[in-house]
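Here's the structure we're looking at; comments come further down.
Chain identifiers are assigned alphabetically (A, B, ...) following the order of the sequence lines, protein sequences preceding nucleic acid strands; residue numbering begins at 1 within each chain.
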2 protein chains.
Amino acid sequence: MKDKIAIPKTTIERLPLYYRCLSKLDRLDVEVISSKELGDRIGVPSTQVRKDLSYYGEFGRRGVGYEVKSLLRQLERILGLDSYWPIVLIGAGNLGRALVNYEGFRRLGLEIKAVLDTDLNKIGNRISNIEVESFKNLDEIVIKHKIQMGIIAVPAVFAQEVADQLVNVGVKAIWNFAPTRIVIPDEVKVKNEDLSVGIVGLVYHLARLD
Amino acid sequence: MKDKIAIPKTTIERLPLYYRCLSKLDRLDVEVISSKELGDRIGVPSTQVRKDLSYYGEFGRRGVGYEVKSLLRQLERILGLDSYWPIVLIGAGNLGRALVNYEGFRRLGLEIKAVLDTDLNKIGNRISNIEVESFKNLDEIVIKHKIQMGIIAVPAVFAQEVADQLVNVGVKAIWNFAPTRIVIPDEVKVKNEDLSVGIVGLVYHLARLD
DNA sequence: TAGATTGTTAATCGATTAACAATC
DNA sequence: TAGATTGTTAATCGATTAACAATC
């Protein structure tokens, strides 16, 4: 096991892919898998799989491969999915509703505990089994549920204001879906999930097809 | 202007960020901007801005900077946003509805022309001003609107089947929101927008906070 | 002219991959 | 043992950044 050597960002980004693939293999009762097979399913070479995992320990058996259940547990620990991370979502619009019901989250053991909005027409509505509450109650809700992660799903113009408030009440990680850059202290982690960036990449490709 | 040298993937991913930033500057009537100022707003060094743009031409004036309107037009052309790219969306669930109404698209001049689903309860419903049609009509809809791009917003188990059909009818770019890898011929471009990957990165960070 | 800023080269940095000894 | 596959080193590849001549 290596230590003190910086782990490449790209490695960290691949870990959830390994995790998801192994979950699926486990559900199919596959017991052992080689770095070659695992890599093929994800679209990376076997050396990359081995190198990525080697940053965290030695999880395989030479001449054999990786035991699916055991590697899955290791990745769960590495990714932090063995702990409980309640989430607050700001914005009860279409996107907010979609995220509450997103199948990918439950699979990871992640749960949106509260949905907040400023729109009086939305407060009190139910999304799935969660009642939309007033954004004014952010502080007490974050304390009550011991929340450290917030999702911003509001129009771009409000995103910075919401981000500031989240930081104020002590949230440590923000997932921002508004198509705008938010400015945040360094100690808070932000992931900008900007959907327009993705589609522009596809258009770029289409525009160059012939 | 360079030619024949491969343009880094990372450069292409930054182009939409420049585009968006310049749109905003233009709306604010800013006329000229330096690579330094532009970079600061996006969070990259000025050298990176200049290098990225240099792959496509010489757009600035030494000692002065970049003329916002002119650079914006150049980027529009480079990204292919000066053409018309009608889109078909498969899946009229929460996520599909969110995408139809996503503010980022219209800004880019992109438009979802048709929404399809297999669920009889959803066919005939309206999302914004689009009527949900049967997935069985995919072929004729793609031909009618000359569609080259498809968005998959269905549950993971159906994603591959939908992708196959999209390829069959001649779609050339696919944006996949289902949390699963889809297998597609090389000549069709796929962008996997896997939301679980993003949130796992944040959890990874939270789990290492202290 | 003096100050500012581009476009580009070359150096640096970081990530991927080939190769192979270790070992099941 | 022979065959398979890991974990790791070293080589390669690709992206970022520092430095600076060109020039507005």
Do the side chain of [X] and the main chain of [Y] share a donor and acceptor less than 3.5 angstrom apart?
X      : Y      : result
A:D117 : A:K122 : no
A:W85  : A:G80  : yes
B:R208 : B:Y204 : yes

Side-chain N,O ([X]) to OP1/OP2 ([N]) below 4.0 Å:
X     : N      : answer
B:R14 : D:dT16 : yes
A:Y66 : D:dG7  : yes
A:Y55 : C:dT16 : no
B:S35 : C:dT6  : yes

Contact class for [X] vs. all strands (heavy atom < 4.0 Å): base, sugar-phosphate, or nothing?
X     : result
A:S46 : nothing
A:T47 : base
A:T11 : nothing
A:R50 : base

Provide, to the nearest angstrom, the distance between the [atom1] atom belonging to [X] and the [atom2] atom belonging to [N].
X     : N      : atom1 : atom2 : value
A:Y56 : D:dT6  : OH    : P     : 19 Å
A:Q48 : C:dG14 : CD    : C1'   : 13 Å
B:D52 : D:dT16 : CG    : P     : 7 Å
A:L53 : D:dT5  : CG    : C1'   : 14 Å
B:F59 : D:dT23 : CZ    : C1'   : 19 Å
B:D40 : C:dT5  : CG    : P     : 12 Å
B:K36 : C:dT6  : NZ    : C1'   : 15 Å
B:E58 : C:dT5  : CD    : C1'   : 13 Å

When you look at CZ of A:R107, are more than 12 heavy atoms from neighbouring residues, nucleotides or ligands closer to it than 6.0 Å?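 Check passes, neighbour count above 12.
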
Distance-only donor-acceptor test, B:R62 side-chain atoms vs C:dT5 base atoms, 3.5 Å: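 Under the 3.5 Å cut-off, the side chain and the base do not form any donor-acceptor pair.
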
Centroid-centroid under 6.0 Å between B:F105 and B:W175 rings: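 Yes: the rings meet the under 6.0 Å criterion.
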
For DNA chain C, whose closest nucleotide is more 5', that of A:T10 or that of A:R61?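 Closer to the 5' end of DNA chain C: A:T10.
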
Between A:P8 and B:G65, which is nearer to the 5' end of DNA chain C once each is assigned its nearest nucleotide?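 That would be B:G65.
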
Going by purine N1 to pyrimidine N3 plus the second Watson-Crick contact, or the G-U wobble pair, all under 3.5 Å, which nucleotide sits opposite C:dT12?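 Across any shown strand, C:dT12 pairs with D:dA15.
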
Across all strands shown, which nucleotide pairs with D:dA22 by Watson-Crick or G-U wobble geometry, both distances under 3.5 Å?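 In the structure as shown, D:dA22 has C:dT5 as its Watson-Crick or wobble partner.
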
For A:S46 and A:R50, which I'm curious about, is there any donor-acceptor pair between the side chains at under 3.5 Å?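 Side chains of A:S46 and A:R50: pair found under 3.5 Å.
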
